[in-house]
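Below is one structure, written out as structure tokens; comments come after it.
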There are 2 protein chains.
Amino acid sequence: MENDAVNELALKRNPSLVSLIYEKLENMILSGQLRSGDPVNERALSMQFEVSRAPIREACRRLEQAGLVSIIDNRGAFVREVSKTTATEVYDVARLLSSEAARHAVANVTDEEVRKLTAMVEHIERDANRDDLSSYYAHNDLFHLELVKLGRNDKLAELYRSLNNELTLYRQRGLRSFPDFERSLAAHRSIIEALARRDSAAYQQALDAHSTKMTERLLNLGV
Amino acid sequence: MENDAVNELALKRNPSLVSLIYEKLENMILSGQLRSGDPVNERALSMQFEVSRAPIREACRRLEQAGLVSIIDNRGAFVREVSKTTATEVYDVARLLSSEAARHAVANVTDEEVRKLTAMVEHIERDANRDDLSSYYAHNDLFHLELVKLGRNDKLAELYRSLNNELTLYRQRGLRSFPDFERSLAAHRSIIEALARRDSAAYQQALDAHSTKMTERLLNLGV
DNA sequence: AGATTACCGATTGTCGACAATCTGTAATCT
DNA sequence: AGATTACAGATTGTCGACAATCGGTAATCT
């Protein structure tokens, strides 16, 4: 099931080898298949994927820019270890961006978007009810990214996405807190509700409260 | 004077070929030597620097991540054209980060830092008096970056630096507004002064006003 | 003439080989 | 024995060559 990754890559093609390899590796890291500190060996991967080292190497450099691996000169790439200090910094910036986006969201949001977001919330609730944690986390992240996009600033949204990836890596590093479903889902509901009412103050307040709560929970884990 | 770039690179060494090439190219772009839309040809550069294409290629990918070039598949890298829309977005995020850093600056700043910043302001003033625009711009950017670092969030400062590089590219794209020295230098003075007094409100207000003024001036150029 | 197709030059994409560099271990010296 | 040095293995860094792909131009067709 894993050694036909070759064909996977060979067939899809055109999205460029590097992109495919990048996504594969990103996924392996964010899903926890590769853990913090693990080496990312160019030759080993080039044999595993049956391509030369060049595209692998390039993908690794992209992973570095994305903050997912650290590269040590002449030593190679290693899945990054995100310290609590760094994670705190990243959280702070992500919250700042999210909050800024929220300030502009209500003025721009369309009915269509409210419907889409509502659907996403419901999807997350289904994941929670089925205890499908991995899907829950993924869709939760997507939901929040979509909220940020309401700020109508592509650059800001892109930065947010990138920061959130780093945070996912941090969360992945060790024991993972079991989410407080009840509280979290309720928060989502009130966020969406305020948005539907076009109540900017309530929306910003609900979102900030939710973000702060999440941050606290996640940072108080590793102690 | 320019074609011994070869020896420059060959001698410095160890900071890795890629880093040297990256910095060289970054400098060529930010200084306006390479202008928006110009192709960044791998083979040409590899001959100019007398290295193989591999390190050039890698440097180009880093430039892309830094937002300084766009890469089109199978077509190569081109110095990026930053639209006014994008520049506005980037400005908004940069201002947000700067403002957030300002909120924490007074609580943390040391006397040593105040001295250093004062020296930087004086340096900028000398540049202004000598009408050394290129030095003026460079030190002005450094000054503002140093202010952001007072926020004690490395990640935030790094993002700010990166965003500012993109903005430099935007400014470089066409006609450049002649700076309003008098107003700008006065603003620097009051920023530093508020900082020295540890007057947080005044500091934040002075900095935000200055940033906003700069933004307006720069964005109203290309119309 | 206008549109379509086939080709050509230029550039990037990928490859396999070799050089440079680092880490850890074993041999040597005091 | 402890410290130092020399070596070996593994990995990245760099290179030159070839393949794939793109844009534009010239030849062809209607």
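By convention in this document, chain letters (A, B, ...) are assigned in the order of the sequence lines, proteins followed by strands, and residues within each chain are numbered from 1. Because the structure is a prediction, the values reported are computed rather than measured.
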I'd like to check B:Arg57 versus A:Glu58 (side-chain heavy atoms, cut-off strictly below 4.5 Å). Are they in contact? yes
For residues A:Leu163 and B:Leu159, determine if any side-chain heavy atom of one lies less than 4.5 Å from a side-chain heavy atom of the other. yes
Sidechain N-carboxylate O distance under 4.0 Å for A:Arg62, A:Glu26: no
Parallel, tilted or perpendicular, as decided by the 30° and 60° cut-offs, for the rings of A:His188 and A:His210: perpendicular
Just to confirm, is there a sub-4.0 Å distance from OP1 or OP2 of [N] to any side-chain nitrogen or oxygen of [X]?
X	N	answer
A:Arg61	D:dT12	no
A:Arg53	D:dT12	no
A:Arg43	D:dG9	no
B:Asn74	C:dA10	no
A:Ser52	C:dT14	no

Value in whole Å for how far the [atom2] atom of [N] lies from [atom1] of [X]:
X	N	atom1	atom2	value
A:Ile21	C:dT14	CD1	P	8 Å
B:Glu50	D:dG16	CD	P	11 Å
A:Phe78	D:dT11	CZ	P	10 Å
B:Ile72	D:dG23	CD1	P	9 Å
A:Ile71	D:dG13	CD1	C1'	12 Å
A:Arg57	D:dC15	CZ	C1'	12 Å
A:Leu45	D:dA10	CG	C1'	15 Å
A:Leu17	C:dG13	CG	P	11 Å

From the set D:dT12, D:dC22, D:dC15, return the single nucleotide nearest to any side-chain atom of A:Asn41. D:dT12
My understanding is that a pair needs two contacts under 3.5 Å, Watson-Crick or G-U wobble. By that rule, which nucleotide pairs with D:dT30? C:dA1
Side-chain donor-acceptor pair under 3.5 Å between A:Ser83 and A:Thr86, yes or no? yes
Judged by each residue's nearest nucleotide on DNA chain C, which is more toward the 5′ side, A:Pro55 or B:Glu42? B:Glu42
